[in-house]
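Position 1 is the first residue of the sequence; numbering continues from there.
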Amino acid sequence: MTAQIILKKNREEAVLRFHPWIFSGAIAKIKGNPNDGDDVEVYSEKDKYIASGHYYNNSIAVKIYSFEKIEPNKIFWKNKISNAIELRKALGYFDNSATNAFRIVNGEGDFLPGLIVDKYDKTLVIQCHAIGMYKNKDLFTEIFTELLPETLAIYDKSTALLKSSSSNPITDSFLFGNETSNSILENSNKFFVDIVGGQKTGFFLDQRDNRFCLSEYSKDKHILNAYCYSGGFSVAALNNGAKSVDSVDVSAKAIELTNENIALNKLTEKNHKSYVADVHEYLKECGTYDLIVLDPPAFAKHHSQKSQAIKGYRHINRLAINKLKAGGILFTFSCSQAMDNELFQSTVISAAIESGRQCRIIDKLSQPSDHPLNGFHPEGSYLKGLILRFD
């Protein structure tokens, strides 16, 4: 029998508005003894069915995958995954001669909380953020090979996100085939992707549109790409006429990937220099630039770290602003969920005030359409960006 989660009085309102999470504090009692990742049904205090989802013994106690009473079988999951794929087809991501890497399942944004799937040409990378989804990985593999028969390999990369235990052992491995290629196309730019050892699923697909946007500002500019990782912004800028690009990252492996991508695109080294360095220290010593990209790792992964994040973003943006020439452009980003759009913008403007320079916000940036946002789950809007011009 499926375990039942009974909510406290008047705690079903968020769920009735289709928010996909139930927090542990909203639970009055549990009928049954569910383990992490088990299917559960959610009921109101008056014993009315509300939703079905995966149970977890933590602060987010249930991740909801259906607001209708259903059997979570292959047909159910196949319909949900098919819906996600059809959206990407409608948006023009499939059969695109310039781009063959994009996200096909975006967790809550595709009503599949805890499941991320990225497509790198004919290789899929699954990343489970929840045990319930991880338990279904073999079923998902079967579904993806049926819906996308051109798929040659499926790799599961969940160990960094899930805690392994004797009851739920987590290992990264190929679920189907093996990797056939380690290069992709993005807006006609070429990139190596390390799906096994690289960050996230191997590449930062969520910055695709922002890299393209940067390329339109790049012609004849001297550019700094700070926190460059594998050089995505650097390649986009140089392929669109940047006069020079300096790529900086504290990771030697990241700089190695950047140099490989510069070579893969046959870009001349005289226009590109790379530095293994702490970005804070580099910005204290470097010269000035026409355009600077700041794309740091999350300064805060939890709301308890918000004040620390504000200080970090204000400091690094102030350092960058001080290194921009008159008329210089700043592309600045935050991927910290603890920082909403309004707070991030006010933090960057505070840095501008401290620098004593006038600025104008030219544009606001976010994640691309293959990373859709569930309208009832604002927490999914994690990537924030601003383009500013400084006089």
Side-chain angles (χ1 to χ4, degrees), residues 189 207 210-252 254-255 258-259 261-262 265 267-297 299 310-335 344-365 384-391:
N189 299 315
Q207 288 283 24
N210 299 330
R211 284 188 282 266
F212 179 79
C213 182
L214 171 92
S215 70
E216 297 186 313
Y217 285 81
S218 297
K219 189 170 177 59
D220 296 327
K221 298 288 197 306
H222 294 284
I223 296 173
L224 169 63
N225 181 12
Y227 306 100
C228 66
Y229 183 46
S230 57
F233 284 105
S234 303
V235 169
L238 288 166
N239 269 335
N240 210 49
K243 191 166 288 183
S244 71
V245 176
D246 292 338
S247 300
V248 180
D249 201 290
V250 72
S251 165
I255 293 300
T258 295
N259 292 337
N261 284 326
I262 294 295
N265 286 272
L267 295 166
T268 173
E269 292 184 3
K270 72 178 183 179
N271 297 113
H272 178 262
K273 290 183 173 60
S274 56
Y275 301 91
V276 178
D278 177 87
V279 171
H280 292 80
E281 297 305 315
Y282 182 88
L283 283 169
K284 291 176 183 177
E285 303 295 334
C286 68
T288 56
Y289 292 91
D290 301 308
L291 190 155
I292 294 176
V293 181
L294 281 182
D295 186 21
F299 286 169
I310 293 170
K311 291 178 182 177
Y313 284 115
R314 188 170 62 234
H315 176 66
I316 196 65
N317 277 277
R318 178 174 53 79
L319 289 177
I321 291 166
N322 289 336
K323 294 298 182 176
L324 282 169
K325 298 176 183 177
I329 301 292
L330 176 67
F331 274 67
T332 183
F333 297 96
S334 167
C335 59
F344 178 60
Q345 180 174 316
S346 65
T347 300
V348 174
I349 296 303
S350 293
I353 292 170
E354 289 179 1
S355 72
R357 297 184 66 174
Q358 294 281 344
C359 71
R360 284 169 280 182
I361 297 174
I362 298 173
D363 206 352
K364 298 180 180 181
L365 306 172
K384 299 154 284 286
L386 295 170
I387 307 175
L388 305 101
R389 177 186 168 99
F390 288 84
D391 294 333

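Smallest separation of non-hydrogen atoms from S334 and Y313: OG-OH, 3.1 Å. Of all the heavy atoms in F344 and F333, the pair that sits closest is CZ-C, 3.6 Å. Closest non-hydrogen pair, G231 versus T258, comes out as N-OG1, 3.1 Å. In plain terms, the two heavy atoms of I255 and V248 that are nearest each other are CD1-C, 4.3 Å. Between P297 and C335, the shortest heavy-atom distance links the atoms C-SG, 4.1 Å. Between L386 and Q345 the shortest heavy-atom distance is CD1-CA, 3.8 Å.
A side-chain donor-acceptor contact under 3.5 Å links K323 to the backbone of C286. In terms of modelled atom types and a separation under 3.5 Å, the side chain of N240 and the main chain of A236 share no donor-acceptor contact. The backbone N or O of K243 sits less than 3.5 Å from a side-chain atom of N271, completing a donor-acceptor pair. A donor-acceptor pair under 3.5 Å is formed between the side chain of R357 and the backbone N or O of L324. Under a 3.5 Å cut-off, the side chain of D278 and the backbone N or O of H280 do form a donor-acceptor pair.
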Should I362 and I329 be marked as a side-chain contact (heavy atoms from CB on, under 4.5 Å) after you check the CA-CA gap, both sets of side-chain angles, and the distance that decides it? CA-CA 9 Å; I362 298 173; I329 301 292; 3.7 Å; yes
Show, in sequence, the C-alpha distance, side-chain angles and deciding distance for N317 and T347, and conclude whether the side-chain contact (heavy atoms from CB on, under 4.5 Å) test is met. CA-CA 9 Å; N317 277 277; T347 300; 5.9 Å; no
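Under the 4.5 Å side-chain criterion, counting only non-hydrogen atoms from C-beta, S218 is in contact with I223. Counting only heavy atoms from C-beta outward, the side chains of L291 and F233 never approach each other to under 4.5 Å. Between I321 and L388 there is no side-chain heavy-atom pair separated by less than 4.5 Å. Side chains of L283 and I316 form a contact here, defined as non-hydrogen atoms less than 4.5 Å apart.
Between S244 and the choices H272, H222, K273, K270, the side chain to side chain donor-acceptor pair (under 3.5 Å) rule is met once, by H222. Partner of L365 under the side-chain contact (heavy atoms from CB on, under 4.5 Å) criterion, chosen from T332, L214, I387: I387. When the options S274, S234, S230 are evaluated for a side chain to side chain donor-acceptor pair (under 3.5 Å) with S247, the one that passes is S234. Of the residues K219, K221, R389, K325, the one that meets the salt bridge (Lys or Arg N to Asp or Glu O under 4.0 Å) test with D290 is K325.
Looking at residues two or more places apart in sequence or on another chain, you find a ring pair (Phe, Tyr, Trp, His ring centres under 6.0 Å) between Y229 and F204. Every residue two or more places apart in sequence or in another chain was checked for a ring pair (Phe, Tyr, Trp, His ring centres under 6.0 Å) with Y227, and none qualifies. Residues that satisfy the ring pair (Phe, Tyr, Trp, His ring centres under 6.0 Å) test with F390, not counting sequence neighbours, are absent from this structure.
Counting non-hydrogen atoms of neighbouring residues, nucleotides and ligands closer than 6.0 angstrom, the OH atom of Y275 exceeds 12 such neighbours. More than 12 heavy atoms of other shown residues, nucleotides or ligands fall within 6.0 angstrom of atom CD in E216.
Between the CG atom in N225 and the OH atom in Y289 there is a gap of 10.5 Å [rounded to 0.5 Å]. Once rounded to the nearest 0.5 Å, the distance linking CZ of R314 with OG of S346 reads 9.5 Å. The distance from the CG atom of N189 to the CG atom of N239 is 4.5 Å, given to the nearest 0.5 Å. Here CZ of R318 is found 6.0 Å from NE2 of H315. Values are rounded to the nearest 0.5 Å. Note that CG of L224 is 11.0 Å distant from OG1 of T288, once rounded to the nearest 0.5 Å.
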